[in-house]
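Basis for what follows: all heavy atoms, side chains included, without hydrogens, waters or symmetry-related copies. All figures in this text were calculated on a predicted structure; none of them were measured in a lab. Position 1 is the first residue of the sequence, and the numbers go up from there.
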Amino acid sequence: MDTFEKNVRSFLAELDNIDFQNIEYFIFRKPIVREDIRDRLKNHICFEVECGKAYFGFTKGSDLALAIRKSCILKFIYFFEDGVILNGVS
């Protein structure tokens, strides 16, 4: 496994940690996906890898708390210094 692939796996694990650390925030929100019991971080983000480049953003209409957004962005920048942060992806 190369470094880029390790960074992808590590970043996804960090996103899971952010979701878990903010479990109360997500539990008390109305779920975006009707079938879900609670809202989840994954419903508010977009993460893609294309041609060896990482892209990250928040979905249009996402109303995540600023602290959660900052945590996600800081983790993305940590793992992907040359990654692209997108604005309002659908």
Side-chain angles (χ1 to χ4, degrees):
M1 181 181 334
D2 68 358
T3 303
F4 186 80
E5 193 174 330
K6 284 180 184 176
N7 285 348
V8 168
R9 289 178 185 236
S10 296
F11 177 63
L12 293 174
E14 289 296 333
L15 290 178
D16 286 343
N17 286 338
I18 291 170
D19 186 83
F20 182 74
Q21 290 168 354
N22 295 282
I23 192 80
E24 287 184 19
Y25 174 83
F26 288 110
I27 284 175
F28 292 113
R29 292 173 52 89
K30 181 178 178 184
I32 291 177
V33 178
R34 278 187 255 159
E35 295 81 28
D36 282 349
I37 290 175
R38 66 173 179 90
D39 198 13
R40 300 172 189 278
L41 179 60
K42 71 178 183 175
N43 296 333
H44 295 269
I45 62 166
C46 176
F47 174 66
E48 296 180 16
V49 173
E50 188 174 308
C51 299
K53 188 125 184 137
Y55 298 84
F56 178 78
F58 298 96
T59 58
K60 287 183 183 175
S62 173
D63 60 348
L64 281 180
L66 184 59
I68 296 173
R69 286 177 178 264
K70 282 183 176 181
S71 294
C72 293
I73 291 170
L74 289 173
K75 291 297 179 183
F76 179 75
I77 292 169
Y78 176 80
F79 288 107
F80 307 102
E81 290 178 2
D82 63 341
V84 177
I85 296 177
L86 307 168
N87 189 16
V89 240
S90 47

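Looking at heavy atoms from C-beta onward, Val8 lies in side-chain contact with Phe80 at the 4.5 angstrom threshold. Looking only at side-chain heavy atoms (C-beta outward), His44 and Asp63 come within less than 4.5 Å of each other. At a threshold of 4.5 Å between non-hydrogen side-chain atoms, the residues Lys53 and Val84 count as touching.
Between the CZ atom in Phe26 and the CD1 atom in Ile68 there is a gap of 4.5 Å [rounded to 0.5 Å]. Phe76 CZ to Ile45 CD1: the interatomic distance, rounded to the nearest 0.5 Å, is 10.5 Å. Going from atom CG of Leu12 over to atom CG of Asn17 covers 11.0 Å, rounded to the nearest 0.5 Å. Considering CG of Asn22 and OG of Ser71, their distance stands at 7.0 Å, rounded to 0.5 Å. Taken to the nearest 0.5 Å, the CD atom of Gln21 stands 11.0 Å off from the CG atom of Asp16. Interatomic distance, Asp2 CG to Asn7 CG, rounded to the nearest 0.5 Å: 9.0 Å.
Taking a 6.0 Å sphere around CD of Glu5, one finds it holds more than 12 heavy atoms contributed by other residues, nucleotides or ligands. The 12-atom threshold is exceeded at CZ of Phe4, counting heavy atoms of other residues, nucleotides or ligands nearer than 6.0 Å.
Salt-bridge check for Arg38 with Asp19: passed, with a basic side-chain N closer than 4.0 Å to an acidic carboxylate O.
Taking each heavy atom of Val33 and Asn43 in turn, the nearest pair found is CG2-OD1, 3.6 Å. Nearest heavy-atom pair, Ile37 versus Pro31, reported as atom, atom and distance to 0.1 Å: O-CG, 3.7 Å.
Cluster annotation: Leu64 and Ile27 are assigned to distinct hydrophobic clusters (Ile/Leu/Val/Met/Phe/Trp/Tyr, side-chain heavy-atom contacts under 4.5 Å, transitive). Note on Leu86: it does not cluster hydrophobically with Leu74, by side-chain heavy-atom contacts below 4.5 Å among ILVMFWY residues. Note: the hydrophobic cluster containing Leu41 also contains Tyr25 (ILVMFWY, side chain heavy atoms under 4.5 Å, direct or indirect links).
Applying ring-ring contact (aromatic ring centres under 6.0 Å, His included) to Phe47 and the options Phe58, Phe11, Phe79, Tyr55 leaves one that passes, Phe11.
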